[in-house]
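See below for the structure under consideration.
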Amino acid sequence: MGSVRIEKMTKSFGDFTALHDINLDIKEGEFFALLGPSGCGKTTTMRCIAGFENPTSGRIYIGDREVEKIPANKRNCGMVFQSYALFPHMNVFENVAYSLNIKQLNASNPIKQMGIYGRLLSSRLGKYPADIRNKVMEILKYVELDNHADRLTSELSGGQQQRVALARALVMEPAVLLMDEPLSNLDQKLRHSMRNTIRKIQQDLGITTIFVTHDQEEAMSMADRVAVMDKGHIVQIGTPTDLYSNPSSPFIADFVGTSNILEGTVEGEENGFTVVKGEGFLLRSSTKTKKKSVDVIIRPEHVKVEAADSVIDHNETNVIEGTVIMSTYLGSIVRYDVQVGSYQLIVDTTYSSGANIFEEGKKVKLTVEHERVLLI
Ligand code: ATP
């Protein structure tokens, strides 16, 4: 059973509290990401689940089993680290077979009679029992490394080494797979393809996976749900779409995707919309709020740029006047930096070939739908 539940977990190192009252409920088969900036406590949370750290207080359950007092090697968790932690003097097959070999040594098995040294020696001579051989080759096939079984891991590329590390964790059939920044050492292109590989394997095997990353794009593109952490607290848990469309704080709006964040004062209500005013803008929003001071969140792709002389019905949409200070052509989109009062708003517009790009210094009108103006 691979569900993971954490109740009121805190972790202190001396008088520094790294984790404050963490609660998590991760379902069996779920791909769950812990996302947050450096030092927010992602790795410490993971290490407590794995059993490499003891929480100062609180409870951890894997399946129905409470595990704080159970040693790491009995928790049935597979780990994949940023540094692959492979044995460089062993080939791919041996790296993956290693833990399986040791595990079977401890089980009731006729080969156990050989003793550990005899067993390891016979392993190095390639005399693996058929069950181990088959299992390792099956998992290597899964990560598309069956043709590299006899290569030394030191001779492999970073992506291949990471796939060996993944195979080594998976071959043990863990209840939970814990991955700590597993893609950080790979270049951009490889990261992309490894994201797909990991996600596909996770879905095929249905293995509960907890994935630590500081890269929001990675978390958002891979996970079923994401917990955003900040300074040892979990600040929001949700699906990627939830977090993107309904961030609960400016921190999340800024950390998950790109946001324009403006300070506003609520003026009142008009035709069912909340009217909010700030330096250089007056906007109407579908968000209901009882607050007077709010943060106004507008995603760059929710803003349209129109020529300054365009005639726009102010009742239909919000209109803000501004001046283009920079336009950047990014292939499928054009990103504008637009000065509005004291703010520089980021605006992403889809670019179609031959379309006019507003130049620097140009006066423009920005339009934003009422439901795209979020008040926090
Ligand atoms: P990163 O993305 O940089 O790895 P993180 O979110 O994983 O960061 P943690 O490694 O969990 O963060 O660390 C959380 C906080 O706890 C940090 O301030 C860190 O310095 C502190 N910390 C972690 N381990 C220890 C330790 N063994 N002793 C003292 N402080 C620690």
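Note that the coordinates shown come from a computational prediction; the quantities given were computed from them, not determined experimentally. Numbering of residues begins at 1 and proceeds along the displayed sequence. Numbering of ligands and ligand atoms starts at 1, following listing order.
Between D25 and R5 there is no salt bridge, since no side-chain N of the basic residue sits under 4.0 Å from a carboxylate O of the acidic one. For the pair R199 and D224, the salt-bridge criterion is met [side-chain N within less than 4.0 Å of a carboxylate O]. Residues D204 and K200 are paired through a salt bridge, judged by an N-O separation under 4.0 Å between the basic side chain and the carboxylate. Salt bridge status for R191 with D215: present, with a side-chain N to carboxylate O gap under 4.0 Å.
Inside a 4.0 Å radius of atom 26 (C) of ligand 1 there is at least one protein heavy atom. Shown here, atom 20 (O) of ligand 1 is out of close reach of the protein: none of its heavy atoms lies under 4.0 Å off.
Between the side chains of T274 and S285, not a single donor N or O lies within less than 3.5 Å of an accepting N or O. Side-chain N/O atoms of H214 and E181 include a donor and acceptor closer than 3.5 Å. Using a 3.5 Å distance cut-off with no hydrogens or angles, the side chains of S259 and R299 do pair a donor with an acceptor.
What sits closest to atom 2 (O) of ligand 1 on the protein, heavy atoms only, is K42 NZ, 2.8 Å. At the top of the distance list for atom 3 (O) of ligand 1, counting protein heavy atoms only, stands S38 OG, 2.6 Å. The protein non-hydrogen atom at the shortest distance from atom 22 (N) of ligand 1 is F13 CE1, 3.5 Å. The single protein non-hydrogen atom nearest to atom 4 (O) of ligand 1 is T43 OG1, 3.8 Å, given as residue, atom name and distance.
Two different hydrophobic clusters hold V347 and L330 under the rule that ILVMFWY side chains link at heavy-atom gaps under 4.5 Å.
Ligand-side atoms of ligand 1 in range of P37: 6 (O), range being under 4.0 angstrom from any heavy atom.
At a 3.5 angstrom cut-off on N or O pairs, H214 does not count as close to ligand 1. Between C40 and ligand 1, a contact under 3.5 Å exists for at least one N or O pair. Between F16 and ligand 1, a contact under 3.5 Å exists for no N or O pair. Remark: ligand 1 and T44 share an N or O pair separated by less than 3.5 Å (distance only, no angle test). Considering backbone and side-chain atoms together, G39 places an N or O closer than 3.5 Å to an N or O of ligand 1.
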